[in-house]
Amino acid sequence: MKLTNPRGAWTLFLREVRRFLKVKMQTIVTPALTAMLYLLIFRYAMGERQVPGLEVDYFTFLVPGLAMMAMMQNAFANTSSSMIMGKVMGMHIYLLMAPLSALEVVLAFLAAAVVRAVVVAVVFLAVLSPFVDVNLLHPGIILLYGVCASIMMGGLGLIAGMWAKDFDNIAMITNFVILPLTFLSGVFYSVKQLPEFWQQVNNANPFFYLTDGFRYGFLGIGDTDPYASIAIVLFATILTMCTCWYLWAIGWRMKE
Amino acid sequence: MSALEIRDLNKIYGNGNRALHDVSLSVPKGSFFALLGPNGAGKSTLINILADTVRPSSGSVHLLEHNLFTERAWCKRRIGVVPQEVAFDPFFTPREVLAFTAGLFGCKADYGWIDELLQRLELSAHVGKNTRQLSGGMRRRLLVAQALVHKPELVILDEPTAGVDVELRRRLWEFMRELNAAGTTILLTTHYLDEAEELCDHVAIIDQGTVVTAQPMRDLMQAVASSYLWMHYDKKLSLSDADGLALAAFKPRLNDEGVCLELGKQSDGQSTFHIAYEAAVSRFGPPLDAGVRSEDLEDVFLRLTQKDSQ
Ligand SMILES: Nc1ncnc2c1ncn2[C@@H]1O[C@H](COP(=O)(O)OP(=O)(O)O)[C@@H](O)[C@H]1O
Ligand SMILES: [Mg+2]
């Protein structure tokens, strides 16, 4: 577990960043466009309706959660698509042949996933800022939750990419695991709106705490106490990183 | 000193396939080493273990007296591998790919060297293109450039000339010969045995995961020194069981042009030649053309690898 090739890790990081910058359509235009669509649908269709139990109108409530959802999905997409593309094109062998330690590979991939997630969130919020108050009420909380969520999702994407044999495998995980978990992480509702049973289900979704804490950073309201969750969020982040590191170190599904 | 010292290397794949069986090989430093064997012999498995894309089951490998499996980072900086399967990164241009590969290996991108590689591998005209737009042969040459970009001391090429036309192949080998002359050890597998015979100073033949022979090329070619009678026909020949013992003694091999008969050691002299010639004429009729030649690498290869598969 050493850093013997910082230049190699930096090169890999830059490649991963360049890769998403080359497809600007997906990384910059898509979040900007979806932001406008959300604005149209939720702002103008739902009007100034308040969220039950919270002193805030629905759209203001929605925006931080939507930003978080976009961050999580993009972090996952960055690592998982790079891995599966590498496997399908055969380029992944260069990661195995190069003198890179598992730690260097994992750090480079996760750092790039975080950068993409942050770029997406900034674009998304910047597009909406003329129409809704984007308050950075607790910047520390925003940063912590945003970065940790991106690392976790980037890590899951890396693991999914290592596991997958083709693009279909990735599409399956994205559609049946990542999409439901992020949609149901309290982006569109406050748990207090849910029946008792679904509140329980919701509390078992790890992404719920991330979304809720992130929103607290903007609005100062939420269903959970973000300070109480910091330890568990950090623990989950480190656990994800360790899992990635271990799986890469043993060549899980990468080396015969 | 050996560039590579491979001892008792075994590989059993997850599905139970035994690809390597106690392989021991020594590749001298500075040699131009041919690793030959029929399809499925285990050549790529061996190379992929050296490249760290396949895990060995047991055994040891030393690169310049450093343990390959425990000193990976040190060793990897000194090895450049051209994989058998074509791989490419559809997002980048050849120049970007090379700068990126250099970086992964911990080297600052040396654009002087990168441009020289692109020129030597005849990719200069395509530097601005996306790798997606390159032909199969160009992509393979880019892989060769990628293997050389960090100036490795040992270059391993797994069938680098498959699908590359004759002229380009010749120039590629010319380049490899120059690198070799400058001190780089080169290990290659190829299907073109005449090229291997011409280029390489050492040869190992593996078959079904075991080393059949490994020695300097010159020793191998001298030790055998069988000669062959070749006879050309303008019709398609076929052999059947009924062709009898007379021909079978000469281990006949048919090809598109006719038949080739093994005469054994040259000391057997004229009589063997006449018996073989008569046997062939009585079976196939008089040939268009015939002659005797001494054994080349292809003959040795077939003789050593076909025995047990029949
Ligand atoms: N990934 C794999 N899983 C199982 N068996 C394999 C795998 N790769 C190669 N083999 C088997 O190992 C043997 C050696 O293959 P390979 O090293 O590719 O031979 P060569 O390169 O000499 O043609 C073959 O029998 C092949 O079928
Ligand atoms: Mg092969």
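Numbered from 1 within each chain, the chains take letters A, B, ... in sequence-line order.
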> Can you tell me if Arg72(B) uses its side chain to pair, donor with acceptor, with the backbone of Met97(A) under 3.5 Å?
Replying inline: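 Pair absent, no side-chain N/O of Arg72(B) close to backbone of Met97(A).
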
> For Leu96(A), does its backbone N or O pair with a side-chain atom of Lys76(B) as donor and acceptor, under 3.5 Å?
Replying inline: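 Yes; judged by distance alone, with no hydrogens or angles, the pair exists.
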
>> Does Lys255(A) form a side chain to side chain contact (heavy atoms under 4.5 Å, CB included) with Asp52(B)? I'd like the steps, not just the answer.
In response: CA-CA 8 Å; Lys255(A) 287 188 211 172; Asp52(B) 199 21; 3.0 Å; yes

> Nearest heavy-atom pair of Leu143(B) and Tyr94(A): which atoms, and what distance?
Replying inline: CD2-OH, 3.3 Å

> Taking all atoms of both residues into account, what is the closest heavy-atom pair of Leu104(B) and Pro99(A), and its distance?
Replying inline: O-CD, 3.7 Å

Check whether more than 12 heavy atoms from other residues, nucleotides or ligands sit under 6.0 Å from atom [atom1] of [X], and answer yes or no.
| X | atom1 | answer |
| --- | --- | --- |
| Phe167(A) | CZ | yes |
| Trp10(A) | CH2 | no |
| Lys129(B) | NZ | yes |

>> With side chain to side chain contact (heavy atoms under 4.5 Å, CB included) as the criterion, how do Arg15(A) and Phe91(B) come out once you've worked through the C-alpha distance, each side chain's angles and the decisive distance to 0.1 Å?
In response: CA-CA 10 Å; Arg15(A) 183 191 71 168; Phe91(B) 282 93; over 6 Å; no

>> Counting heavy-atom pairs under 4.5 Å with chain A, which one of Gly103(B), Ala73(B), Gly14(B) comes out on top?
In response: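 Most pairs with chain A among the choices: Gly103(B).
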
>> Only pairs of heavy atoms separated by less than 4.5 Å count here; which of Val54(B), Val81(B), Thr53(B) has the most with chain A?
In response: Thr53(B)

Per-residue contact mode, [X] against chain A (heavy atom under 4.5 angstrom):
| X | result |
| --- | --- |
| Cys107(B) | backbone |
| Thr101(B) | side chain |
| Ile79(B) | neither |
| Lys11(B) | side chain |

>> Within the 4.5 Å heavy-atom criterion, are Phe105(B) and Arg7(A) side-chain neighbours or not?
In response: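 A side-chain contact is absent here, since even the closest heavy-atom pair is not under 4.5 Å.
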
>> Using side chain to side chain contact (heavy atoms under 4.5 Å, CB included), reason through Met89(A) and Asp89(B) one step at a time and then give a plain yes or no.
In response: CA-CA 7 Å; Met89(A) 297 296 177; Asp89(B) 195 324; over 6 Å; no

> Passes side chain to side chain contact (heavy atoms under 4.5 Å, CB included), Glu256(A) versus Arg55(B)? Steps please.
Replying inline: CA-CA 6 Å; Glu256(A) 296 271 355; Arg55(B) 274 190 289 247; over 6 Å; no

> What part of Met254(A) lies closer than 4.5 angstrom to a heavy atom of chain B: side chain, backbone, both or neither?
Replying inline: backbone

> Quick one: what part of Val23(A) sits under 4.5 Å from any heavy atom of chain B, side chain, backbone, both or neither?
Replying inline: side chain

